[in-house]
K.L.:
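Got a structure for you, written out below as structure tokens; questions coming shortly.
Numbered from 1 within each chain, the chains take letters A, B, ... in sequence-line order.
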Amino acid sequence: EVVRSRPFTVGEIGRSTKGLSIMLTAAGSTISSSSATGAASATDGQDGTAQGQPMRDTSHAWEAVDGSSMWTDVQEDADGNILTNYSQLSLAAQIRQRRHRLAATDLARSSKRLVRHMLRHVYLVLDCSQWSREKDPALPPARMRLETTLNLASDFINEYYDQNPLGHLGVVLCKDGEAEMLTTLGGSPKKHKLALGAALVTEMTKGGGPSVGGEFSLQNGIEVAGRSLGYAPRYGSREIIVITSALATCDPGDILGETLPRLLHSGIRVSTVSLQAELHICTKLAEATGGLAGVCMDTRHLRDLVMGHAVPPPINSLENGTDDTAPQMICEFVTMGFPSREGGDVPTLVHNTGGGANAKNGGVAFAINPAAADDRRSNRLISFARTGYACPRCRSRCSDLPSDCAVCGLRLILAPHLARTFHHLFPVRPFMELDEAEVVGNADIGTNEMTDNNGEHTNGKKGLEALPVQSSSAFTPTSTVSSSNVTSFVVSSSTSMDAQQRSNNLPTTKVISIGPSVVGNSADCDRCCFGCLRVIGCRPVTDAEKQKTNGSNNNREIANEPTEAILRFQCPECRNVFCPDCDAFLHETLHNCPGCLSVG
Amino acid sequence: MASSSSSSPNLLTLILDITPSTWGQRKIIRSAKDKALAAKNKSSAGPATLMDDVLTAILALGVSFSCLNRDNALVVIAATEYEAAVIYPRKGGEGCMEDVVMGGSSGACGERVDAGLLNDYLRLGVAELINRAAERSEKLNAEQGNDKEKSQSSSTPNKGAVIASALSIALCTVNRFMVAHHAGVSALADTSYSSQRKDDEGILALMGGKSGSSKQQQQQAQNEARGMLSSRALIIQASQDRTSDYNALMNCAFAANKSDIVIDGCFIPSGVQEDPKSSPFMEQIVDQTKGVYLSVPSGAAQVGGALSEVLMSVFLPPPNIRSNMNLPKLNNVDFRARCFETGESIDVAQICNQCLSIFKVKPKDRCLTCGAKVKKRSSSTGGSKRLKVS
């Protein structure tokens, strides 16, 4: 029996040194933050070492940290939110880091307009073998990797059906050298989540340890999924996503010789996510079939990798192999039905997928055996309900949408479900970061230029001078605009000024006033976010500063305090400015840019 | 006062459609009708005009909303055909957005809604936006007048208001409020609040099989403890829908669903035969987010005090007590799709798997929107004409 040294050593083989250093920093920072996970992993780590792993060197950063000083390292941002990934980076740098990370792990290139697989059939192959029953210190706070995997699978199911309401999903579990289909391809999330929940409970009660779980067999898992995918219609994509913690696979045959040609022939795309180390077989399979192989570094990265597969993948040329026309130019038509909602006073028979007493529908819960449900008849349960959606072809009622009609097999969807996937076809373009000194505006603003102290005209819109001292229009309430009511803000330039500019005596800060005027687009005021009216990049003038400059000459240079650059983001199409929170909200949840929706 | 249902503060974002062309038309219709009725010594019978009836009704609604709870917050966004902007609270000055988000202005009452400011800002904001829109249309008309080829379409069609833009701004604002209370999507959060919440959904649904209401109560109790506002949006629309906005409106509806924002809709028809009586897009959004939809009956119900009464009785109650009241219900929302080619509503459709466009009859040669060739299974006859699609 090979003595396993600290898991870090095992991981090092597969990961680059850069990855390793980031992992260690991440571990160190979770300790120094005040979150409970930090405390848990500290104690767990100590427990692990106390259990007598033979070769243990004490060179971890977290071992030297005294737990009692955790609270001093807690930092808050301007709104009072605790910064949980405090790692001695400024706020702006953290935001930039997060955007960079999201862009880097954007496997499906979700911000580009690409031809994508909109109708997907995906099998999720999960590893429940002995490899996943170890505790992984890089993935706190789960007791076993299995727990992390199954919880992540549950989140993935939610996200998948959210992004692909027309897609199908199935789950396969691998343990004891065999693969078992937990749920077949189905169109609604309830079935999968119920089954996953049941599996989580049974597997966790089995406990950990090297004797439980058996070996992991990649070939069996892929074969089981592949056989079922072979029956899936050709117009949709066929994908297998393997989430594994194994370091070896124990197969009845030769994957590359037997399984891979069949995968290629059926056009199945295999992607893998490994929790421990990179497996050559996984990488080879993924490359050959056009999928993506990933190895996770920590919990956040694992989540990014897995959720990246929820977005519809771009079509690559591998799938329409022998066609001489470009693959993007082929399409197929699928017949789908749009049911109408029918309600009545008398409860009637309705097909549904079950899962819990639903008092609203007056239905009764049945215990279902997930393995017995085949894909078309996943709506096997019949209950009584007052309202249901009537299939246009066979008039039988169904209670959950989107799903396949239990009687005639027609796929039933609603128009909003289709609309939900359109945002993949028309994504919001990523916003560009805007420097603090730049001013968004029409040519009219140029006439408001102030000259600097030397009497020379500054160069147009790029420069703090171009900022209007007071933004107002004919409709700004003049009665309330007085020096006491209008808040003055200090805008400072964060760009490093070269010596030439410095010699011109250009002011590095400027006081502007942000008054109560309407913001129709960012040309009106580019220091506030167009979405939420947050004032960005200016800090209020303190009273001490107000006394220094005697109000009239606002161009005076205020002593340079190092202010943090607060980021502004600009939409490349409509040139409106947004704050970082709105930027995150627009790109991740809303998928609309309010500026681009207004005309001009 | 300590009852759980009324003590949580509310955030109401009001989206007001102020397209000058629509309301100008109404004014003309109204003055004509009034003259006819005055001749018979009868009082006015609508339709509502913007400045007199609708703004007063909104002010009444806003002030009574702020009286329900000290910490209620109100945000008013106005939309013309060209742009949408937040007109109350403003970005700076007294009672600015910063103050409202942080909780209470520096005034003595500490209330979040200042009735006087509301009145001023509302009227000034509406006037400013209408002015800008009018200038824009004049400029456009002048340009089109110069351009002889476009003289056929010189009569500007009645375009709708940019409700999608206004609704997106409303959702960003609500997100800002939520971020201030450590929820919502922020630039620093790793996992958004909504995805964290879904964990509960899986496990609780398995264990107890309880219906969603108990979970919702738990969620609400959690939110109250944080001092978070429960938010909703109210759209008041008078012009017809912009067909190009359907996708954007659906995106807003799904985002609102994720953050538990209820969207209500109010449509003010003009009472004239040819004008639309309702907005199908708004009906769909309201149904998706489980709100209340009302198409104000045309006639005397739109005049002055009557309109205020109608709005207050239907839209003032917050969502958590609506189950106890008898509010208008949406029954027949048409969820069927329209064929991209012929425009008729269809039940069974053929859908292109690349661009998801919907057709009644399967195109023979090429998909009409994305131009991809249809995979040939059996022999098919020659191609179809490429029709222009929206």
K.L.:
Which atom pair, heavy atoms only, marks the closest approach of B:C172 to A:G531?
P.N.:
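Nearest pair, atom of B:C172 first, then A:G531: CB-O, 3.6 Å.
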K.L.:
Could you measure the distance from the SG atom of B:C352 to the OH atom of A:Y235? Nearest 0.5 Å is fine.
P.N.:
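If I round to the nearest 0.5 Å, the distance is 12.5 Å.
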K.L.:
What part of B:L167 gets within 4.5 angstrom of chain A, counting heavy atoms only: side chain, backbone, both, or neither?
P.N.:
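Neither part, no heavy atoms under 4.5 Å.
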K.L.:
I want to check something: taking the side chain as every heavy atom from C-beta on, are B:L171 and A:N592 in contact at a cut-off of under 4.5 Å?
P.N.:
no
K.L.:
Using non-hydrogen atoms only, which part of B:N251 is less than 4.5 Å away from chain A: side chain, backbone, both, or neither?
P.N.:
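Interface part for B:N251: both.
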K.L.:
Looking only at heavy atoms and a cut-off of under 4.5 Å, which of A:C582, A:P339, A:P189, A:P416 has the most pairs with chain B?
P.N.:
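So the answer, after comparing A:C582, A:P339, A:P189, A:P416, is A:P416.
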K.L.:
Specify which of A:R341, A:M307, A:H591, A:R420 makes the most heavy-atom pairs with chain B at under 4.5 Å.
P.N.:
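Counting heavy-atom pairs under 4.5 Å, the top option is A:R420.
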K.L.:
For B:V179 and A:F585, run side chain to side chain contact (heavy atoms under 4.5 Å, CB included): C-alpha distance rounded to whole Å, both residues' side-chain angles, the deciding distance at 0.1 Å, then the answer.
P.N.:
CA-CA 11 Å; B:V179 165; A:F585 181 64; over 6 Å; no
K.L.:
Less than 4.5 Å to any heavy atom of chain A: does that hold for the side chain of B:Y246, its backbone, both, or neither?
P.N.:
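When you check distances to chain A, only side chain atoms of B:Y246 fall under 4.5 Å.
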K.L.:
Is it the side chain or the backbone of B:Q350 that comes within 4.5 Å of chain A heavy atoms, both, or neither?
P.N.:
both
K.L.:
Nearest 0.5 Å please: distance from the CZ atom of B:R90 over to the CG atom of A:L533.
P.N.:
10.0 Å
K.L.:
Looking at B:T173, B:D245, B:I169, which one has more heavy-atom pairs under 4.5 Å with chain A than the rest?
P.N.:
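Going by pairs under 4.5 Å, I would pick B:I169.
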K.L.:
Report which part of A:L412 has an atom under 4.5 Å of a heavy atom belonging to chain B: side chain, backbone, both, or neither.
P.N.:
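Neither; nothing under 4.5 Å.
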K.L.:
If you measure from SG on A:C579 to CZ on B:R176, what distance do you get to the nearest 0.5 Å?
P.N.:
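One finds 7.0 Å between SG of A:C579 and CZ of B:R176.
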K.L.:
Could you tell me which portion of B:V348 (side chain, backbone, both or neither) has an atom closer than 4.5 angstrom to a non-hydrogen atom of chain A?
P.N.:
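Both parts, backbone and side chain.
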K.L.:
Would you mind reporting whether A:L418 and B:I351 have side-chain heavy atoms less than 4.5 Å apart?
P.N.:
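B:I351 reaches A:L418 side chain to side chain.
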K.L.:
Between A:L425 and chain B, with a heavy-atom cut-off of 4.5 Å, which part of the residue counts as in contact: side chain, backbone, both or neither?
P.N.:
side chain
K.L.:
How many angstroms lie between atom CG of A:L414 and atom CD of B:Q284, to the nearest 0.5 angstrom?
P.N.:
9.0 Å
K.L.:
What option among A:M336, A:R99, A:M118 has the most heavy-atom pairs under 4.5 Å with chain B?
P.N.:
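Most heavy-atom pairs within the cutoff with chain B belong to A:M336.
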K.L.:
Say you draw a straight line from OG1 of A:T421 to CE of B:M250; how long is it, rounded to the nearest 0.5 Å?
P.N.:
12.5 Å
